[in-house]
Number of protein chains: 2
Amino acid sequence: MAESELQTATEHEEKLERLLTIAAEIFSEKGYHNASIRDLSKRAGTSLSGLYYYFASKEELLFMIQDRSLRKVLTALRSKLEGVASAEEKLRILVHNHVGFFSENMAAMRVITHEYDSLQGEYRTRMTELRHEYSDVCQEILREVRRFTSAGDVAPLNVATSALFGMMNWIYAWYTPGSNVPVERLAEHLYRLFTGGFIGPGRSPSGRRAG
Amino acid sequence: MAESELQTATEHEEKLERLLTIAAEIFSEKGYHNASIRDLSKRAGTSLSGLYYYFASKEELLFMIQDRSLRKVLTALRSKLEGVASAEEKLRILVHNHVGFFSENMAAMRVITHEYDSLQGEYRTRMTELRHEYSDVCQEILREVRRFTSAGDVAPLNVATSALFGMMNWIYAWYTPGSNVPVERLAEHLYRLFTGGFIGPGRSPSGRRAG
DNA sequence: AGCTTCCTCGATCGAGCGTTCGATATAACG
DNA sequence: CGTTATATCGAACGCTCGATCGAGGAAGCT
């Protein structure tokens, strides 16, 4: 009994994960409101009504995609940050983690950034909290960076945080993972752009040069 | 005759502009696919069928919003750039123009950045071209900046361009025009963040500090 | 007056949507 | 064997949507 229940439990979870992956692709391609549950049923090879055994509504489906994906990003980030002392290195890890996750899971990340407004009520509230959690981690790192590098007050921390997320999240609008620029290099470009700026230290002969 | 025709022509254009403004607000609030022509008819005080005298389809309505708005941004930018020699000043003008337009016309700009994928076929093609036109202007300015300031190759020009647009376009996701940060200051923050970076020149005592 | 053009409207169509419901197959448990 | 839980399905309901159509009103011209 215990074995079979466990078995069906994992099988259930596996099928759910598969449905979420396919749904993320469809939502990413056609947009949440323009995508139909029937699209999902066709691509998943399941009947329309059979899908509702795995989620209660289309909106819950959208929420599960966003919640699980962002949670993965956040836990992966916290794991990588363990034991790191340098503030700048923390920031570098954050950018690489974010951009890396983006390129590996483009569909889900696109749904997160593009279909956030499609959530309402309780789902919206819970997702807002999770986003704040992530944003706070980033902002605290920026605070450390500013303290330990005597970085000037170029911009308020919240503006800088939003600018950084803008740079990173906008990737979905132009970047294709199989392009000339590998992901690691793209992440490094964005990291250096944000920390050192486009003009950088080249104008004065003091010669700081990242990495 | 000529007078009355001109009169009705401007009245026609005025009503169309008013419809586009209201539609932009609705699309911005509910999203393109979730907003209905009936919503527009209610808020505009016109009958449902009467609206179709001013546009052929819902998608053409979306296109007109995006096309007219982005065209305004582009022509305003080119006008402001006339006679400016300094590359950095050109970049500064671009950022201020873009951010300024964003805050003054939040709904339409949000529709441009958020509902670009909702266009298809011919409309999509024409909008893609216009976006490229705008992006090219920006990229050329960045090329000038890099040449005339001996800025290092922190990132490829297209990556830098996309990063800059990411910073600027992401505004719609967090900024509210009536907040603590005035628009001009926000634009200046983003300009300095992009050119000089978050850490900036503070680490080395050479002391460059943007104007 | 008659004619034409611009503009607006109510009524309606056909299609697609999310969701529900009852039936059914399978398999493990008593 | 009977019972129960798990999982899947076809058919249908109720609703909203974008778009169309023909009828009209208002205003200017001949």
Side-chain angles (χ1 to χ4, degrees), chain A residues 1-20 22-24 26-27 29-65 111 115 118-123, chain B residues 1-20 22-24 26-27 29-65 111 115 118-123:
Chain A
M1 179 192 74
E3 189 189 22
S4 69
E5 270 184 1
L6 213 69
Q7 181 71 15
T8 56
T10 62
E11 278 178 11
H12 184 96
E13 181 65 20
E14 277 174 9
K15 172 148 186 181
L16 175 58
E17 285 281 3
R18 181 172 156 268
L19 290 178
L20 292 179
I22 300 177
I26 299 177
F27 288 166
E29 292 169 11
K30 314 180 65 171
Y32 171 72
H33 286 105
N34 210 30
S36 68
I37 306 291
R38 283 168 176 83
D39 291 333
L40 176 57
S41 84
K42 283 169 196 163
R43 209 179 290 192
T46 324
S47 73
L48 170 62
S49 53
L51 292 174
Y52 279 85
Y53 183 77
Y54 291 91
F55 48 84
S57 68
K58 189 188 179 185
E59 195 178 3
E60 189 195 86
L61 176 63
L62 176 62
F63 171 75
M64 286 196 290
I65 294 173
V111 170
E115 302 292 353
S118 301
L119 290 175
Q120 293 175 342
E122 175 74 10
Y123 294 133
Chain B
M1 179 190 74
E3 190 188 23
S4 71
E5 271 184 4
L6 213 67
Q7 181 71 15
T8 57
T10 62
E11 278 178 11
H12 184 95
E13 181 66 20
E14 278 174 9
K15 172 149 187 182
L16 175 58
E17 285 280 2
R18 181 172 156 268
L19 290 178
L20 292 180
I22 300 177
I26 299 177
F27 288 166
E29 292 170 11
K30 314 180 66 171
Y32 171 72
H33 290 289
N34 211 28
S36 66
I37 306 290
R38 285 167 176 84
D39 291 333
L40 177 59
S41 84
K42 285 169 195 162
R43 210 180 289 191
T46 324
S47 72
L48 169 63
S49 53
L51 292 173
Y52 279 86
Y53 183 76
Y54 291 90
F55 47 85
S57 68
K58 189 187 179 187
E59 195 177 3
E60 189 194 86
L61 175 62
L62 176 62
F63 171 76
M64 284 195 292
I65 294 173
V111 171
E115 303 292 355
S118 300
L119 291 174
Q120 292 176 344
E122 176 74 11
Y123 293 133

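In this text, all values refer to a predicted model and were calculated from it rather than measured experimentally. First the proteins, then the strands, lettered A, B, ... as listed; each starts at 1.
- As rounded to whole Å, 18 Å separates atom P of C/dG22 from atom OH of A/Tyr52.
- What separates CG of B/Leu51 from P of D/dC17 is a distance of 14 Å, to the nearest Å.
- Residue A/Leu48 contributes atom CG, which lies 10 Å from atom P of D/dG10 at whole-angstrom precision.
- Taking 4.0 angstrom as the limit, B/Lys15 places a side-chain polar atom (N or O) nearer than this to OP1 or OP2 of C/dT8.
- Where A/Lys30 and A/Ala56 each meet DNA chain C at their nearest nucleotide, the meeting point lying more 5' is that of A/Lys30.
- With hydrogens and angles left out, the side chain of A/Arg38 and the base of C/dG16 share no donor-acceptor pair within 3.5 Å.
- Rounded to whole Å, the distance from CG on B/Leu16 to P on C/dC6 is 16 Å.
- The side chain of B/His12 contributes an N or O atom lying less than 4.0 Å from OP1 or OP2 of C/dC7.
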Step-by-step ring-ring contact (aromatic ring centres under 6.0 Å, His included) determination, B/His12 to B/Tyr54: CA-CA 8 Å; B/His12 184 95; B/Tyr54 291 90; 4.8 Å; yes
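- Toward the 5′ end of DNA chain D lies the nearest nucleotide of A/Ser47, the other residue of the pair A/Ser47 and B/Ile37 mapping further downstream.
- Spacing between atom CG of A/Asn34 and atom P of C/dG16 amounts to 12 Å, rounded to whole angstrom units.
- Inter-residue side-chain proximity for A/Leu51 and A/Leu61 is flagged as unmet; no heavy-atom pair is nearer than 4.5 Å.
- Sorted by first and then second residue, the pairs that involve residues 33-42 of chain A and meet salt bridge (charged side-chain N to carboxylate O under 4.0 Å, His left out), not counting sequence neighbours, are A/Lys30-A/Asp39.
- A straight line from OH of A/Tyr54 to C1' of D/dC9 spans 13 Å, rounded to a whole angstrom.
- Counting only heavy atoms from C-beta outward, the side chains of A/Tyr32 and B/His33 never approach each other to under 4.5 Å.
- Look at CD1 on B/Ile26: it is 12 Å from P on D/dC17, rounded to the nearest Å.
- Every residue was checked against the side chain to side chain donor-acceptor pair (under 3.5 Å) condition with A/Glu122, not counting sequence neighbours, and none meets it.
- Map A/Tyr53 and A/Ser49 each onto its nearest nucleotide of DNA chain D; the residue landing nearer the 5' end is A/Tyr53.
- Atom CD in B/Glu60 sits about 10 Å away from atom P in D/dA19, given to the nearest Å.
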